[in-house]
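Okay, so here's the structure we're looking at.
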Amino acid sequence: IIHEAVDYKGINYMSLIPVLIGGMQEQQTIIDDKQFQIAALNARLDKLEAAMNGEGKRGSTTPDLGKAQLFQNNPNPFDENTVIRYSLPENCGKCTIDVMDTNGKVVKSFSNLSAGNGQLLIGAGSLSAGSYTYTLIVNGERSDSKTMVITR
């Protein structure tokens, strides 16, 4: 025997990467949920402040586009399902979310969205892999747009 065997301990960093990415995705989900809750609470606060100031919604049919919100889909990119969350004012008229391909062609449209907080579930199987833009349209006017990516 020239010398005794030495035990070395090490870390397989390649195996650690998926665990770290999974943790980051979990944190992003929590952050998105909190942002959704904050938006809902801000809408309630605005409503209460307006009521306290005597600014009721007497006869108003025009939605406040500043209060309509569209949130980033989660997860993104995705290969199975994703959720798109939105928040619409109570006096929202015709509200839709259009999903468009890279050429600007509408490939999916979700109409009859009700006021308040809502969400859409989109399956990757209903669209081909690629990049898409989805837009919240309130009474014919674009309110907000986001991008989502489908992988296979």
Side-chain angles (χ1 to χ4, degrees), residues 1-50 63-152:
I1 296 179
I2 299 174
H3 57 80
E4 289 186 30
V6 178
D7 289 334
Y8 289 101
K9 304 229 186 237
I11 297 175
N12 182 351
Y13 290 104
M14 295 306 286
S15 297
L16 190 58
I17 290 172
V19 175
L20 294 173
I21 290 174
M24 290 172 59
Q25 288 174 336
E26 186 177 322
Q27 283 180 331
Q28 189 61 45
T29 300
I30 293 169
I31 290 168
D32 290 343
D33 288 342
K34 296 300 179 191
Q35 287 176 333
F36 191 68
Q37 290 173 352
I38 289 169
L41 290 172
N42 281 336
R44 287 180 60 193
L45 179 61
D46 289 344
K47 187 189 224 183
L48 287 171
E49 287 175 346
D64 183 0
L65 293 179
K67 292 185 182 180
Q69 291 185 307
L70 184 63
F71 299 93
Q72 185 65 48
N73 64 302
N74 191 19
N76 189 33
F78 66 101
D79 60 356
E80 291 182 18
N81 295 316
T82 191
V83 175
I84 297 174
R85 293 186 174 160
Y86 59 88
S87 179
L88 301 172
E90 281 192 33
N91 55 351
C92 176
K94 182 179 178 188
C95 299
T96 62
I97 293 179
D98 289 342
V99 179
M100 294 163 282
D101 62 14
T102 54
N103 297 323
K105 179 183 174 191
V106 175
V107 293
K108 254 188 185 317
S109 185
F110 301 91
S111 56
N112 300 325
L113 303 177
S114 57
N117 298 324
Q119 63 184 24
L120 301 172
L121 177 68
I122 297 181
S126 63
L127 299 167
S128 59
S131 181
Y132 295 87
T133 300
Y134 56 98
T135 303
L136 174 61
I137 301 170
V138 179
N139 286 339
E141 293 189 35
R142 292 176 179 224
S143 176
D144 198 5
S145 293
K146 305 284 184 200
T147 303
M148 67 179 170
V149 178
I150 300 175
T151 59
R152 296 268 191 249

How many angstroms lie between OH in Tyr86 and CG in Leu113, if you round to the nearest 0.5 Å?
-> 4.5 Å

Closest non-hydrogen atoms of Pro75 and Asn81, given as atom of the first, atom of the second and distance, are CD-O, 3.6 Å

Summary of ring-ring contact (aromatic ring centres under 6.0 Å, His included) pairs that have at least one residue in residues 14-47, sequence neighbours excluded = Phe36-Phe71

Considering residues at least two apart in sequence or located in another chain, which fulfil the side chain to side chain donor-acceptor pair (under 3.5 Å) criterion with Asn12?
-> Ser15

State which residues pass side chain to side chain donor-acceptor pair (under 3.5 Å) with Tyr134; sequence neighbours excluded, sorted by chain then number.
-> Asn73

Quick one: which residue pairs count as a side-chain hydrogen bond (donor to acceptor under 3.5 Å, both in side chains) with a foot in residues 17-31, not counting sequence neighbours?
-> Gln28-Asp32, Thr29-Asn74

Which value, rounded to the nearest 0.5 Å, describes the distance between Gln35 atom CD and Gln72 atom CD?
-> 10.0 Å

What residues form a side chain to side chain donor-acceptor pair (under 3.5 Å) with Thr147, not counting sequence neighbours?
-> none

Which value, rounded to the nearest 0.5 Å, describes the distance between Ile97 atom CD1 and Leu120 atom CG?
-> 4.5 Å

Which atom pair, heavy atoms only, marks the closest approach of Ser145 to Thr135?
-> OG-OG1, 2.8 Å

Distance (rounded to the nearest 0.5 Å) between Ile84 CD1 and Leu136 CG | 10.5 Å

Atom pair NZ (Lys34) and CD1 (Ile30), whose distance is rounded to the nearest 0.5 Å | 8.0 Å

Partner set under salt bridge (charged side-chain N to carboxylate O under 4.0 Å, His left out) for Asp144, not counting sequence neighbours = Lys146

Going by heavy atoms in the side chains, are Ser143 and Ile137 under 4.5 Å from each other?
-> no

Sequence neighbours excluded - salt bridge (Lys or Arg N to Asp or Glu O under 4.0 Å) pairs with any residue from residues 77-86 = Asp33-Arg85

So which pairs with a foot in residues 95-124 pass salt bridge (Lys or Arg N to Asp or Glu O under 4.0 Å), sequence neighbours left out?
-> none

Contacts of Ala124 meeting side-chain contact (heavy atoms from CB on, under 4.5 Å) (sequence neighbours excluded), chain-then-number -> Phe78, Ile150, Arg152

Please identify each residue that fulfils side chain to side chain donor-acceptor pair (under 3.5 Å) with Ser131, with sequence neighbours left out.
-> none

Pairs in or reaching into residues 93-152: which pass disulfide bond (SG atoms under 2.5 Å apart), with residues at least two apart or in two chains?
-> Cys92-Cys95

Can you name the nearest heavy-atom pair linking Gly123 to Ser126, along with the distance?
-> O-OG, 2.7 Å

Nearest heavy atoms of Ala115 and Pro89, plus distance in Å | CB-O, 3.2 Å

Which value, rounded to the nearest 0.5 Å, describes the distance between Asp7 atom CG and Glu4 atom CD?
-> 10.5 Å

Listed partners of Ile38 passing side-chain contact (heavy atoms from CB on, under 4.5 Å), at least two apart | Asn42

